[in-house]
Amino acid sequence: MDSIRLRFAPSPTGALHIGGIRTALYNFLLARQQKGTFVLRIEDTDQARYVPGAEDYILEALEWCGLQPDEGPGIGGDYGPYRQSERKDLYGKYAQQLIESGHAYYAFDTADELAEKRAAAEANGNTFKYDAKVRHQLVNSLTLSDEEVQKRLDRGDNYTVRLAVPPDELILIDDLVRERVQFHTNELDDKVILKSDGMPTYHLANIVDDHLMKITHVIRGEEWLPSTAHHVLLYRFLGWEDTMPTFAHLPLIMKPTGKGKLSKRDGAKLGIPVFPLSWEGPNPENTFKGFREFGFVPDAVNNFLAFLGWNPGTEQEIFDKEELITAFSVEKIGKSGARFDYDKARWFNQQYLIRMLDSDLLPHVKPIIEAHGHQPDEAFLLTFIGLMKERVHLLPEFWEQGHYFFTDYQSLDEKMVSKKWKPEFRTAFDDLHQLLRDTESFTTESLQTTVKGFINDHGYKFGNILPILRLGLTGTTKGPDIFATMALLGRAEVDRRLQASYQRFDQLTQE
RNA sequence: GGCCCGUUCGUCUAGGGGUUAGGACGCAGGAUUUUCAUUCCUGAAACACGGGUUCGAUUCCCGUACGGGCUACCA
């Protein structure tokens, strides 16, 4: 048996949201696990909805997530082109073949005429469906004479090609996730397979391309389940039923709150990312901030996404990409929609930050610090990262919570100062200050010995001295070990800040 | 409306005819850290409902309710 071939086939109609990334991820995971091929195909058959830049976005998003396709636009492969607009000429032939075999027909009804019929039916509480029951009353090659059809074709009249869905049949679909699903053809409409602009619709293009590209497994969102019956018919009529891919329809990702599936709007509304990368739209409503910009690392996003609708059946939660590849199985994909839980996403990210090597974090943290105008050397940054990484969830928090390592703190927790500072501590702190200035080695360990010794020798309380020391140095009572903080700050800086701080404390408490 | 899919703690889920229904996020409490975070411990928290089938159903079947998707010359 040949190796499997999977594909991710997004439409470049805007930024790709996290649901699309999950679909790509599952395809990628299965392809890698089975030593198969992961194909990217751009489904740009809808001229009206095409958005410039969307394809680049898809490529960049996949790259950021580490889901590189083996074949695709700009990548190459033996089954290209991988952009449907560039395959336009291919599809007509198959539509023609279907017409000749009686499985499709020309339809001359205009979009307006059909819309009217729909509206009329709706007014009567009915639904208009272009199907076997009514196609003989409409304007198409089934009702028109051959001469008339030819005349209209020659004249250049607009037409679509519709699939002639046969009546009274049961279509059985064996889905890897849903098991057996069935549809009755009497419920199905005669789908347009070729539009009047000559472009195929999703249905035709998808089947032709999946066949030509030798796709073995179709993993896609559940929104495609209802049209799968049409797809099965297409495979049959084209004579490709034997090599029809296996389907797996994924449960949808639902809104964090409220009802319905996750949408672009949910991100802005709740202040959370629903896109992998930021997207600049033409207006603020179409501009979104991505997971990358929020400060997530790719593996954490993959891990989080993988668990939305799938789980390994064990109690392990943290899986890097390689582990996901070995653990993944289609059989363990769930059937019901999964609600997007941002808190859990943050937790995954935190777990990754904690586990990552300081040196691997460096390229992520360095630009953040530099963006705030500081160019610390690498050794300093590495120590900083080691001190901070287990107390942040998102990358930007390295700066938000650790800015005082690079510049004097901007804000002082005044409430804590007035709670902890008493003017009579002044002498004690002057002595400590002096001691710190004169101490021989400015390392975490010796600093700890020195300060603790000082406190014990004078009979002070740790709870009085340490918080004030931290406040004076960092402006806050939170943060990494105070001795490690001092060691990183360095003797001169510690001296400077203490000098300034105690005066501020006095002022504050006098007012 | 019609068709299709689904329903275990608030959320993600494991499980499956007889279980104290397990884990994770979040939440609450505690221990460690004389801070914060991490880590660890503890706690509250679920089988939608009604009928069957069965000695026994959360698990199987049928309904109902609820949720979701589709119902375009969009994908």
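Here the structure is a predicted model, which means the values were calculated and not measured. Each chain gets a letter, A, B and so on, in the order the sequences are listed, and its residues count up from 1. These values consider heavy atoms only, across backbone and side chains, with no hydrogens, waters or symmetry-generated copies.
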> Say you pick atom C1' in B:C49 and the same atom in B:U32; how far apart are they, in whole Å?
Replying inline: 47 Å
>> Please report the distance separating the P of B:U64 from the corresponding atom of B:C47, rounded so that it comes out in whole Å.
In response: 23 Å
> Who is the Watson-Crick or G-U wobble partner of B:G63, with both distances under 3.5 Å?
Replying inline: B:C49
>> If you assign each of A:Glu390 and A:Leu308 to its closest nucleotide in RNA chain B, which residue comes earlier from the 5' end?
In response: A:Leu308
> Can you check side-chain contact (heavy atoms from CB on, under 4.5 Å) on A:Gln97 and A:Phe237, steps first, answer last?
Replying inline: CA-CA 9 Å; A:Gln97 184 184 322; A:Phe237 296 155; over 6 Å; no
>> Students often get this wrong, so: under 4.0 angstrom with heavy atoms, is A:Pro480 touching a base, only sugar-phosphate, or nothing?
In response: base
>> Salt bridge check, A:Arg83 against A:Glu55: does any charged N sit closer than 4.0 Å to a carboxylate O?
In response: yes
> Which part of the nucleic acid, if any, lies within reach of A:Gly309 when heavy atoms closer than 4.0 Å are counted: base, sugar-phosphate only, or nothing?
Replying inline: sugar-phosphate
>> We want to know whether A:Asp413 and A:Thr476 form a side-chain donor-acceptor pair, criterion being a heavy-atom distance below 3.5 angstrom.
In response: no
> Can you check the A:His230 NE2 to B:C3 P distance for me, whole Å?
Replying inline: 15 Å
> Which nucleotides of nucleotides 68-75 of chain B have their base under 4.0 Å from a protein heavy atom (B), which only their sugar-phosphate (S), and which neither (-), written as one string 5' to 3'?
Replying inline: SBS-SBBB
> Rounded to the Å, how far apart are A:Lys332 NZ and B:A14 C1'?
Replying inline: 7 Å
> What residue among A:Arg220, A:Arg178, A:Lys335 forms side chain to side chain donor-acceptor pair (under 3.5 Å) with A:His249?
Replying inline: A:Arg220
>> Please classify the nucleic acid contact of A:Asp481 as base, sugar-phosphate, or nothing, using heavy-atom distances under 4.0 Å.
In response: base
> What's the NZ-C1' distance between A:Lys335 and B:C4, to the nearest Å?
Replying inline: 15 Å
> Expressed as a whole number of Å, how far does the C1' atom of B:G23 sit from that of B:A14?
Replying inline: 7 Å
>> Among A:His231, A:Lys191, A:His230, which residue satisfies the side chain to side chain donor-acceptor pair (under 3.5 Å) criterion with A:His203?
In response: A:His231
>> Taking the P atom in each of B:C5 and B:C61, what is the distance between them to the nearest angstrom?
In response: 13 Å
> Going by an N to O cut-off under 4.0 Å, is there a salt bridge joining A:Asp46 and A:Arg49?
Replying inline: yes
> For B:A37, which nucleotide is its Watson-Crick or G-U wobble mate, given both distances must be under 3.5 Å?
Replying inline: none
> If you measure from the C1' atom in B:U7 to the same atom in B:A46, how many Å do you get, rounded?
Replying inline: 12 Å
> In whole Å, what is the span from the CD1 atom of A:Ile253 to the P atom of B:G6?
Replying inline: 19 Å
> Does the gap between the ring centers of A:Phe304 and A:Phe340 come in under 6.0 Å?
Replying inline: yes
>> Can you check the distance between B:U11 and B:C70, where both ends of the measurement are the C1' atom (answer in whole Å)?
In response: 27 Å
>> Suppose you measure atom C1' in B:A48 against the same atom in B:G6; what distance do you get, rounded to whole Å?
In response: 12 Å
> Mind checking who B:A24 pairs with, Watson-Crick or G-U wobble, both distances under 3.5 Å?
Replying inline: B:U11
> Does the distance from a Lys or Arg side-chain N to an Asp or Glu carboxylate O, for A:Asp157 and A:Arg155, drop under 4.0 Å?
Replying inline: yes
>> Under 3.5 Å for both donor-acceptor distances, Watson-Crick or wobble: does B:U58 have a partner, and if so which one?
In response: none
> What's the NZ-P distance between A:Lys389 and B:U39, to the nearest Å?
Replying inline: 13 Å
>> In whole Å, I'd like the distance from the CG atom of A:Asn349 to the P atom of B:U38.
In response: 14 Å
>> Whole angstroms only, please: what is the CG-C1' distance between A:Asp341 and B:U11?
In response: 5 Å
> Does a donor on one side chain and an acceptor on the other come within less than 3.5 Å for A:Thr449 and A:Ser446?
Replying inline: no
>> Just the rounded figure in Å: distance from C1' of B:U35 to CH2 of A:Trp421.
In response: 18 Å
>> Students often get this wrong, so: under 4.0 angstrom with heavy atoms, is A:Arg339 touching a base, only sugar-phosphate, or nothing?
In response: sugar-phosphate
> Is any side-chain N or O of A:Lys478 under 3.5 Å from a base N or O of B:A37, one able to act as donor and the other as acceptor?
Replying inline: no
> Quick one: which of B:C3, B:G6, B:A37 gets closest to the side chain of A:Glu187?
Replying inline: B:C3
> Using a cut-off of 4.0 Å on non-hydrogen atoms, how would the nucleic acid contact of A:Gln350 be classed: base, sugar-phosphate, or nothing?
Replying inline: sugar-phosphate
> Who does B:C3 pair with, Watson-Crick or G-U, both distances under 3.5 Å?
Replying inline: B:G69
>> Taking the P atom in each of B:U19 and B:A57, what is the distance between them to the nearest angstrom?
In response: 12 Å
> Of all the choices, B:A24, B:U11, B:C5, which nucleotide is nearest to the side chain of A:Val181 once you look at every atom?
Replying inline: B:C5
